[in-house]
Amino acid sequence: MARRSVQFWRIEQLNGDGLNRPFPARRVAEVLKKAQDAGTDRHFTSADGTVLLAQAVASSPHPVLLLDRVRDTNLPSVGDALGRRKPLPLAPGDHLLETSYFAFLKRNVIAVLTSGNGPRASRMGEYLEGMLGLEPVLVPVVREDVEEILTRLEVSRFEFALPAERLSGKLMEGEWADVLDSASRLMSEGTFRISLSVGRSGKAEDKQRIRDRIQQLIDLFRRAGSVEHFDYVVAEGKDSLTGDREVVDLLKERFISHIDVDPDVFNDPQKSTAEAVSILNKQARDNEAFFARTLPDVKGSADSALVPDMVAGGMAAVRAALAAPEGPEAADQVRKAGKAADKANQSAGENQGGAGHELVRG
């Protein structure tokens with residue numbers, strides 16, 4: 001048996017605003033399915049050169065999307081029974097696909113079934129932004145008591161470590177990106193560790209200012225979609241309610257289920273998709289009570305008009321066309337973009353109240 005993990009994330013914001021209604025996941029799945037059937041190019045190249053490709057694989061009881069990392073360079077080799085190496089038997093035009101599965105659940109929760117090489121949760125956000133113009137902000141779903149503990153914690157120390165070969169400013173944002181970028185130029189082997197602490201000397205008001213600053217940096221760190229790349233992340237301080245010293249492991253705070261899967265099944269593309277959908281649906285059922293107890297309810301219905309039809313090249317092609325509408329090719333892209341928006345708005349109007357594209361009806 002092989003071990004896979006199911007990570008749980010929540011869409012907290014969409015297009016810069018807090019999301020207090022269902023994310024239009026059913027509409028996204030329909031748009032992807034329509035693009036698949038029409039043969040529309042759905043490849044998206046992210047800023048770091050990673051090529052992503054999504055498809056809809058289920059719509060009920062929850063929309064499930066498959067996201068592939070597409071590889072055609074630095075491919076692994078195949079070994080025979082005697083260990084002789086030979087290239088992967090790929091036909092011309094074939095690529096290596098590394099897959100993660102995303103189920104869109106109630107309360108804007110996303111369950112992500114991952115493997116060691118499949119795209120991380122943040123990659124789905126990149127894909128939806130690049131191809132459909134959506135900008136979801138994902139935050140991890142955490143254990144019941146962690147938020148409460150961190151709220152009460154008078155933090156005195158924050159420390160993390162990761163292997164030097166993983167050092168990259170792309171893992172984080174803001175100040176942390178600068179730190180990791182600088183560290184990546186300092187070392188390429190070993191372990192990089194950083195520790196922030198209040199210290200023993202100084203006035204009470206100075207210590208409180210340092211605590212507040214460390215707390216801000218912890219909050220920024222926790223919101224990153226790449227915490228799983230780190231080996232060690234802890235916050236330490238005094239519980240303001242009990243007076244006890246607390247050490248909070250921020251890697252283990254996240255709500256993650258570990259499951260055993262049959263590796264032979266996941267080596268078969270058809271069987272793996274059916275098995276992944278089954279696993280994600282079971283996780284949704286098993287953890288529904290936890291989400292209802294710990295996460296805010298989501299009222300109303302999804303706004304399907306936010307999701308246009310997909311065009312080849314995604315929103316980058318549309319923006320380029322709008323920026324230079326003189327050429328015939330650009331004008332054609334503009335027309336496609338306009339039709340996509342019109343269809344989305346028409347779909348929303350026909351399903352007044354959003355019932356046709358509601359995320360998950362309870």
Side-chain angles (χ1 to χ4, degrees), residues 7 9 11-17 19 23 28 31-32 35 40-55 65-75 95-102 110 112 114-140 162-186 188 192 217 220-230 306-308 310-324 330 333 337 340:
Q7 304 173 1
W9 299 77
I11 307 177
E12 186 178 71
Q13 295 182 31
L14 184 62
N15 302 338
D17 297 322
L19 186 60
F23 177 77
V28 170
V31 165
L32 273 171
T40 302
D41 183 5
R42 308 184 312 283
H43 291 81
F44 169 71
T45 303
S46 62
D48 64 358
T50 300
V51 180
L52 303 169
L53 177 65
Q55 62 178 289
L65 307 183
L66 175 157
L67 185 66
D68 284 318
R69 176 187 286 111
V70 182
R71 287 178 53 192
D72 55 12
T73 59
N74 297 321
L75 299 179
H95 305 281
L96 187 66
L97 301 178
E98 297 168 329
T99 308
S100 294
Y101 299 86
F102 295 73
I110 301 179
V112 187
T114 65
S115 65
N117 298 316
R120 308 290 180 180
S122 58
R123 293 294 192 182
M124 178 58 78
E126 292 180 32
Y127 187 86
L128 293 176
E129 179 179 357
M131 295 303 292
L132 295 172
L134 302 176
E135 298 180 36
V137 173
L138 306 183
V139 298
L162 77 165
E165 61 266 20
R166 295 185 200 162
L167 284 168
S168 170
K170 296 183 177 68
L171 292 176
M172 293 286 164
E173 296 179 355
E175 295 95 324
W176 286 125
D178 296 336
V179 171
L180 296 180
D181 259 340
S182 297
S184 69
R185 294 190 289 270
L186 290 174
S188 58
F192 176 75
L217 292 171
L220 180 62
F221 193 99
R222 292 178 65 230
R223 298 178 76 84
S226 53
V227 177
E228 65 267 22
H229 288 278
F230 292 76
L306 291 172
V307 188
M310 187 174 289
V311 298
M315 294 307 296
V318 172
R319 293 186 186 106
L322 292 173
Q333 290 286 2

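Predicted model, so just to flag it, every value in this text is computed and none were measured. Hydrogens, waters and symmetry mates play no part in the numbers below; they use all other heavy atoms, side chains included. Sequential numbering from 1 along the given sequence is applied to the chain's residues.
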Worksheet entry | Glu175: salt bridge (Lys or Arg N to Asp or Glu O under 4.0 Å) partners, not counting sequence neighbours | Arg213

Worksheet item: Side chain of Asp68, backbone of Val70: donor and acceptor closer than 3.5 Å?
Response: no

Practice prompt. Kindly give the heavy-atom pair with the smallest separation between Leu138 and Ile11, and that separation in Å.
Written response: CD2-CG1, 3.6 Å

Worksheet item: Where do Pro136 and Gly125 come nearest, in terms of heavy atoms and distance?
Response: CG-CA, 3.9 Å

Worksheet, complete the sentence: d(Thr99 OG1, Leu66 CG) to nearest 0.5 Å is 5.0 Å

Worksheet item: Residues two or more places apart in sequence or in another chain: which of them pass salt bridge (Lys or Arg N to Asp or Glu O under 4.0 Å) with Asp17?
Response: none

Worksheet entry | Leu65 and Leu67: CA distance, side-chain angles, deciding distance, side-chain contact (heavy atoms from CB on, under 4.5 Å) verdict | CA-CA 6 Å; Leu65 307 183; Leu67 185 66; over 6 Å; no

Discussion item. Can you confirm whether Leu96 sits close enough to Asp72 that some side-chain heavy atom of one is under 4.5 Å from a side-chain heavy atom of the other?
Written reply: no

Item to complete: List in chain and number order the residues that pass salt bridge (Lys or Arg N to Asp or Glu O under 4.0 Å) with Glu165, two or more places apart in sequence or in another chain; answer none if no residue qualifies.
Response: none

Fill in: Side chain to side chain, Arg120 and Thr114, heavy atoms closer than 4.5 Å
no

Worksheet entry | Closest non-hydrogen atom pair between Pro140 and Trp9, with its separation | N-CE3, 3.4 Å

Worksheet item: Do Ser100 side-chain atoms and Pro119 backbone N/O form a donor-acceptor pair below 3.5 Å?
Response: yes

Worksheet item: Taking the six-membered ring where the residue is Trp, are the ring centres of Phe221 and Phe230 under 6.0 Å apart?
Response: yes

Worksheet item: Looking only at atom types and distance, does a side-chain atom of Trp176 sit under 3.5 Å from a main-chain N or O of Leu217, one as donor and one as acceptor?
Response: yes

Worksheet item: Residues two or more places apart in sequence or in another chain: which of them pass salt bridge (Lys or Arg N to Asp or Glu O under 4.0 Å) with Arg42?
Response: none

Worksheet, complete the sentence: Heavy atoms of Ala164 and Ser188 approach each other most closely as CB-C, 3.6 Å

Discussion item. Return the CG to CE distance between Leu52 and Met124, rounded to the nearest 0.5 Å.
Written reply: 9.0 Å

Worksheet, complete the sentence: One should read off an interatomic distance between Tyr127 OH and Leu132 CG, to the nearest 0.5 angstrom, of 7.5 Å

Discussion item. I need the Arg71 CZ to His95 NE2 distance, nearest 0.5 Å.
Written reply: 12.5 Å

Discussion item. I'd like to check Leu186 versus Phe192 (side-chain heavy atoms, cut-off strictly below 4.5 Å). Are they in contact?
Written reply: no

Worksheet item: If you look at every heavy atom in Thr40 and Val311, which pair is closest and at what distance?
Response: CG2-C, 3.9 Å

Discussion item. With salt bridge (Lys or Arg N to Asp or Glu O under 4.0 Å) as the rule and sequence neighbours excluded, what pairs involving residues 125-138 come up?
Written reply: Arg123-Glu126

Worksheet item: At their closest point, which heavy atom of Ala317 faces which heavy atom of Ala312, and how far apart are they?
Response: CB-O, 3.6 Å

Practice prompt. Sequence neighbours left out, what passes side-chain hydrogen bond (donor to acceptor under 3.5 Å, both in side chains) with Asp41? Give chain and number order.
Written response: His43

